[in-house]
Chemist: 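Shown below is the structure under consideration.
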Amino acid sequence: MNLAHFLNPRRLPLVITTLLFALLYGFGALSYDAFLSPQVFINLLIDNSFLLVVAVGMTFVIISGGIDLSVGSIVALTTMVSATLAQKYGWTFWQILPLVLAM
């Protein structure tokens with residue numbers, strides 16, 4: 001593969017994202033001693049898994065030709081409603097889940 005293959009406008013966002021991730025991961029490895037342990041990498045994926053779910057959903061919206069910028073606000077709203085219902089009113093996960101999905 002040559003450089004023109006990676007600079008193809010269709011692949012450029014993926015290449016830039018991968019390089020940026022590698023750069024930031026390298027910076028973390030230089031800054032913190034235990035950053036290179038496999039558990040830290042797994043924790044990065046686990047702690048941000050909700051972003052992966054949102055990104056997959058947004059990918060389908062963009063592929064279908066629509067652009068929806070309200071995803072971040074919906075995530076924030078459902079998170080706040082879930083936290084309030086759980087902490088202040090003592091609702092269980094199974095009570096909150098249908099409401100959040102309906103939202």
Chemist: If the condition is side-chain contact (heavy atoms from CB on, under 4.5 Å), which residues does S31 pass it with, not counting sequence neighbours?
Modeler: F27
Chemist: Applying side-chain contact (heavy atoms from CB on, under 4.5 Å), name anything that partners Q87, two or more places apart in sequence or on another chain.
Modeler: none
Chemist: Quick one: name the residues clustered hydrophobically with V81, using the 4.5 Å side-chain heavy-atom rule over I, L, V, M, F, W, Y, and just say none if it's on its own.
Modeler: L77, L85, Y89, W91, I96, L99, V100, M103
Chemist: Name the atoms and distances for all side-chain donor-acceptor pairs under 3.5 Å in residues 38-47, with sequence neighbours left out.
Modeler:
{"unit_1": "Q39", "atom_1": "NE2", "unit_2": "N43", "atom_2": "OD1", "d": "3.0"}
{"unit_1": "N43", "atom_1": "ND2", "unit_2": "Q39", "atom_2": "O", "d": "3.4"}

Chemist: Holding to side-chain contact (heavy atoms from CB on, under 4.5 Å), I want the full list of residues that pass it with L51, two or more places apart in sequence or in another chain.
Modeler: N48
Chemist: Who pairs with A29 by side-chain contact (heavy atoms from CB on, under 4.5 Å), at least two apart in sequence or on another chain?
Modeler: F35, L36
